[in-house]
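Have a look at the structure below before the remarks.
Please read all numbers here as calculations on a predicted model, not as lab measurements.
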Amino acid sequence: MYKNLKIVALITTIAMVFVQVGGALVTKTGSADGCGDSWPLCHGKLIPSDWPIETIIEIAHRGVSGIAIILLAILCIMALRQIPEKRETKFLVAVSFGFIIIQSLIGAAAVVGIWEGDFVLAAHFGISLICFAAVFLLTLLVFEVDLKFDATKVQVGSFLRYNTIFLTIYIYFVVYSGALVRHTDSSLACLSWPHCKPGHIMPTNFYEAVQMGHRALAGLAIIWVFLIMIHAIRHYSQYRVLHYGWIIAFILIILQMITGLLSVFTMVNIFIALLHALFITLLFGLLCYFIMLLSRTK
């Protein structure tokens with residue numbers, strides 16, 4: 001059932017992952033100015049005369065983003081026509097398409113110099129993260145994951161319910177702090193771990209403060225996810241989606257920590273950095289799925 005819709009949904013979700021990782025690649029490689037201050041053209045031309053690596057990366061990211069917008073538009077139209085009875089469909093369609101347009105406009109504004117400032121640009125990744133989460137949830141609806149079990153029969157206590165919601169919001173701020181690390185060029189401000197420098201526990205300048213602030217927020221997130229996982233294992237073992245879901249969430253955040261650690265020791269190896277962006281994207285999507293699930297439970 002919904003064969004064509006499932007194919008489009010899956011391809012769109014994969015495309016959104018590439019948009020997320022591609023945005024991180026642009027920032028990590030300093031390719032944001034790969035096309036100068038021209039948009040949608042590159043250096044004022046449809047096809048630039050010179051093709052340095054920064055230009056290739058920027059053009060590729062724009063191309064993938066453009067394809068993702070087209071795919072998402074098709075997915076939204078098909079979803080509204082084929083699964084309008086699902087209560088989350090209209091909301092997810094509005095959020096996903098609305099946020100990808102906002103994301104594109106912010107990216108264009110940053111290129112032409114309208115949207116500037118490290119603290120402002122750091123919000124770009126967060127906006128695209130919300131878009132990915134909405135597309136991911138819409139894809140789960142298309143694949144009828146919600147019908148694999150009757151969510152209305154799942155009974156969830158207030159501890160798990162509120163901690164899931166507040167953790168998801170908190171993780172979003174952790175993501176913003178990580179984006180701020182990239183945009184302020186603070187990735188290598190601290191070359192030791194977990195402290196910034198040998199003999200220095202507290203940061204001594206702005207860049208070190210940004211880096212150590214992100215580490216502190218991420219550390220608290222790891223502890224928080226661990227406690228929720230233990231709670232889910234002890235009290236919700238009868239619900240596989242919660243039992244194994246929180247185990248997966250903990251694995252993802254541990255992988256996130258490991259890639260963050262390796263980013264320091266490898267002097268921000270680009271592949272490690274992209275995995276760092278990928279794991280947090282998947283984790284946020286999973287947490288948003290938990291929230292959608294909780295909205296249906298008792």
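Atoms CZ and OG1, from R182 and T184 in turn, are 10.0 Å apart once rounded to the nearest 0.5 Å. Remark: L278 CG to L255 CG distance equals 9.5 Å, nearest 0.5 Å. Between I127 atom CD1 and I101 atom CD1 the span is 12.5 Å, to the nearest 0.5 Å. The distance from the OG atom of S96 to the CG atom of L75 is 7.0 Å, given to the nearest 0.5 Å. I7 CD1 to M78 CE: the interatomic distance, rounded to the nearest 0.5 Å, is 8.5 Å. Of the inter-residue distances, the one linking M229 atom CE with I247 atom CD1 reads 6.5 Å to the nearest 0.5 angstrom.
Residues L140 and L137 are in side-chain contact: their nearest non-hydrogen atoms beyond the backbone lie under 4.5 Å apart. Taking the side chain as every heavy atom from C-beta outward, Q103 and V19 approach each other to under 4.5 Å. The closest side-chain heavy-atom distance from N269 to L262 is not below 4.5 Å. Inter-residue side-chain proximity for L242 and L293 is flagged as met; some heavy-atom pair is nearer than 4.5 Å. Side-chain contact between C131 and I100 is present, with at least one heavy-atom pair separated by less than 4.5 Å. Proximity of M292 to L141: side-chain heavy atoms (C-beta onward) are separated by under 4.5 Å at one or more points. In this structure, T55 and C42 have side chains that are in contact, with non-hydrogen atoms separated by less than 4.5 Å. Between L252 and F284 the shortest side-chain heavy-atom distance does not fall below 4.5 Å.
Side-chain rings of H231 and Y236 approach one another, their centers coming within less than 6.0 Å.
L167 and L220 fall within the same hydrophobic cluster, where Ile, Leu, Val, Met, Phe, Trp and Tyr residues are linked whenever their side-chain heavy atoms come under 4.5 Å apart, directly or through other members. No chain of hydrophobic side-chain contacts below 4.5 Å, direct or via other Ile, Leu, Val, Met, Phe, Trp or Tyr residues, connects M212 to V264. Hydrophobic clustering, with ILVMFWY side chains joined whenever heavy atoms are under 4.5 angstrom apart, keeps I11 apart from L72. No single ILVMFWY cluster, assembled from side-chain heavy atoms under 4.5 Å apart, contains both V17 and L71. Both F99 and L105 are part of a single hydrophobic cluster, where members link through side-chain heavy atoms under 4.5 Å apart.
The two residues M16 and A68 come nearest to each other via the heavy atoms SD-CB, 4.1 Å. Between L287 and T164, the shortest heavy-atom contact is O-CG2, 4.4 Å. Contact record, A15 with V64: O-CG1, 4.1 Å, taken as the closest heavy-atom pair. T281 and Q20 get closest at one heavy-atom pair: OG1-NE2, 3.5 Å. Of all heavy-atom pairs spanning S237 and H243, the tightest one is CA-ND1, 3.6 Å. Among all heavy-atom pairs drawn from H214 and V181, the shortest one is CB-CG2, 3.8 Å.
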Side chain to side chain contact (heavy atoms under 4.5 Å, CB included) assessment of N4 paired with Q82:
CA-CA 11 Å; N4 293 332; Q82 298 186 37; 5.6 Å; no

- Passes side chain to side chain contact (heavy atoms under 4.5 Å, CB included), L25 versus I57? Steps please. CA-CA 8 Å; L25 179 63; I57 292 175; 4.0 Å; yes

Would you check, one step at a time, whether the test side chain to side chain contact (heavy atoms under 4.5 Å, CB included) holds for R215 with C190? CA-CA 11 Å; R215 292 186 187 182; C190 297; 3.5 Å; yes

One pair to check against side chain to side chain contact (heavy atoms under 4.5 Å, CB included): L227 and I230. What are the steps and the verdict?
CA-CA 5 Å; L227 294 176; I230 296 300; 5.8 Å; no

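Open room surrounds CZ on F18; 12 or fewer heavy atoms of other groups in view lie less than 6.0 Å from it. For R87, the CZ atom is densely surrounded, since the number of other residues' heavy atoms within 6.0 Å is greater than 12. The local environment of OH in Y170 is crowded, with over 12 non-hydrogen atoms from other residues, nucleotides or ligands closer than 6.0 Å. Other residues, nucleotides and ligands contribute over 12 non-hydrogen atoms within 6.0 Å of the CZ atom of F159. The environment of CD1 in I47 is sparse: at most 12 heavy-atom neighbours from other residues, nucleotides or ligands sit within 6.0 Å. Within 6.0 Å of atom OH in Y162, 12 or fewer heavy atoms from other residues, nucleotides or ligands are found, so the atom counts as exposed in its surroundings.
With hydrogens and angles left out, the side-chain atoms of Q211 and S186 include no donor and acceptor closer than 3.5 Å.
Ring orientation note: the planes of W246 and F290 are close to parallel, at an angle under 30° on the 30°/60° scale. Classification of the F132-F136 ring pair by plane angle, with boundaries at 30° and 60°, yields parallel.
Of the candidates I253, N163, I171, N163 is the only one forming a side chain to side chain contact (heavy atoms under 4.5 Å, CB included) with W224.
Put simply, the side chain of H276 gets close to the backbone of Q256: a donor and an acceptor are under 3.5 Å apart.
Judged by the 6.0 Å and 45° rule, R161 forms no cation-pi pair with F166.
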